[in-house]
Amino acid sequence: MKALLAVDALSLSFQRYSGWFRRHAVPCLNDVSLTVVPGEVHAVVGASGAGKSLMAWAVMGLLPANAHLSGTLNFDGLPLDAERLAALRGKCLALIPQSIAALDPLVRSGRQVRWSARRAGIAAHRTPHIARQTLSRYGLATDVEQAYPHTLSGGMARRVLLAMATAGDADLLIADEPTTGLDPCNRQRVLDYLRELADAGKGILLITHDLQHALTVANRVTVFHAGTTLETAPSDAFDGQGERLTMPYTRALWQALPSNGFQAPARERTHEEVLSLA
Amino acid sequence: MLSASALRYCHDRHRDPVIDSVSLRVKAGEIVGLTGDSGAGKSTLGRLLAGLLRPQAGRIELDGTPLPRHGLQPVQLLMQTPELAVNPRWRIERILHEAWTPDTTLLEALSIRRDWYSRFPHELSGGELQRVTVARALAPGVRYLIADEISSMLDALTQAELWHALLQVVASRRMGMLVISHDAALLSRVANRCYRLNAGQLDALA
């Protein structure tokens, strides 16, 4: 099937000044490759600091000016350059940001959802209806519309962000840790909804540290470690002792789950060691 | 023994209490799990037990005496977001040495590295900073820990690493612990027995 999003050999570094004139590059991502096809939930898992969110920002074109990107990003078969991104962002590409600090603290949450619906190309007179509908889909009552972000609990604010990203009809949805801080019932509701979107033909990139619950909805899983993609495996390969997983790091991650072995690694391995184990 | 009897707490006088006549006992060397829906009052109960909130009714006692008002608290709370538990303007070394000076064996067990010492909290990842707050809370006079969702933002490997190190210290010092989590699989791994907080009441889980 034709890929909706294709990330190929993506590398990213940040330019940093040391002293007044000397510049050096701090590498963050190295040779990241993955594809998202329509109709799939593609989970990206890995430790914090592995670069999962940076990849999301790179796809969305949200990196600061001192970022240097190389490699190719294709969306729907065509290169994703700055101009095309600006036209597609919010309409065809949507991001659920990781931090609830992404909400505007001075604007009532209902209005923020109406903004993103407007941005997604929905006619102005329909946005109040759409906003109410999306908020209620995540179990948020109408009084949440009138609430400022600081009066919402962490889980509620996160669902407002979800409502903003799904108010439109984006083909590709990047969900960056959409379930942290949600209780099991709401977590399942969010994951089931992402699954529903995928079944309706959308592509979902689910970035998470929570391998166990990602597996309940994902078709494929890509494992990140220290800024690179180690392997992409179908989610049914995460089974038993993980015999069908190729990389030792992935197997260790699988066996460290409390519902499996809860095994801690002997010590922290450097990235070179992880690669040499292969 | 850390014992709470008939605790009652409400955030707002006009609403139902979050915690209503809750009694709980944690013995030294025992690990008790606590679960419940979000908003059920798990964290409020944790804060009450750690002495950060005063109950409106009921008593909290440590071996038959109330919790001390001053000095080192023998019951320490570990929070879900370590960023909110540290002073953002202090360097890691100062944070780590706030209450005591952790020995090298503990630092090694929690894999805390010397080169973090000169950094600020925002320059560590969430899991690294969580290990620093755990080391800080393990001062010699501390006898009970309340762990409130301390590993929910960690990946499985970092989570397993943190818990193995923590459980080892807790067992060797015969400390008591209350573990608050949504994760039933984690609780069944670490806790001796479990409770569920529902509508202000505690129910024992089999």
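Numbered from 1 within each chain, the chains take letters A, B, ... in sequence-line order. Hydrogens, waters and symmetry mates play no part in the numbers below; they use all other heavy atoms, side chains included.
Here the side chains of A:Leu253 and B:Asp155 are in contact, with some heavy-atom distance below 4.5 Å.
Among the residues in residues 188-204 of chain B, those with a non-hydrogen atom closer than 4.5 angstrom to a non-hydrogen atom of chain A are B:Arg189, B:Val190.
A:Pro184 and B:His182 make their closest contact through CD-ND1, 3.6 Å (heavy atoms, listed as atom of the first residue, atom of the second, distance). When all heavy atoms are compared, the tightest approach of A:Ala256 to B:Ala156 is CB-O, 3.6 Å.
Atom CD of B:Gln168 sits in a sparse spot, with 12 or fewer heavy atoms from other residues, nucleotides or ligands closer than 6.0 Å. Crowding of B:Arg174 atom CZ: a count of heavy atoms from other residues, nucleotides or ligands under 6.0 Å not exceeding 12. Around atom CD of A:Gln241, no more than 12 heavy atoms belonging to other residues, nucleotides or ligands sit under 6.0 Å away.
Put simply, of A:Thr208, A:Asn260, A:Leu211, the one with the most heavy-atom pairs under 4.5 Å next to chain B is A:Asn260. Heavy-atom pairs under 4.5 Å with chain B were tallied for A:Cys185, A:Ala50, A:Ala47; the largest tally goes to A:Ala47.
In this structure, the separation between CG on A:Asp210 and CG on B:Asp183 is 8.0 Å, given to the nearest 0.5 Å. Here the straight-line distance linking atom OG1 of A:Thr180 with atom CD of B:Glu149 works out to 11.0 Å at 0.5 Å rounding.
Neither the backbone nor the side chain of B:Leu187 comes within contact range of chain A; no heavy atom of the residue lies under 4.5 Å from a heavy atom of that chain.
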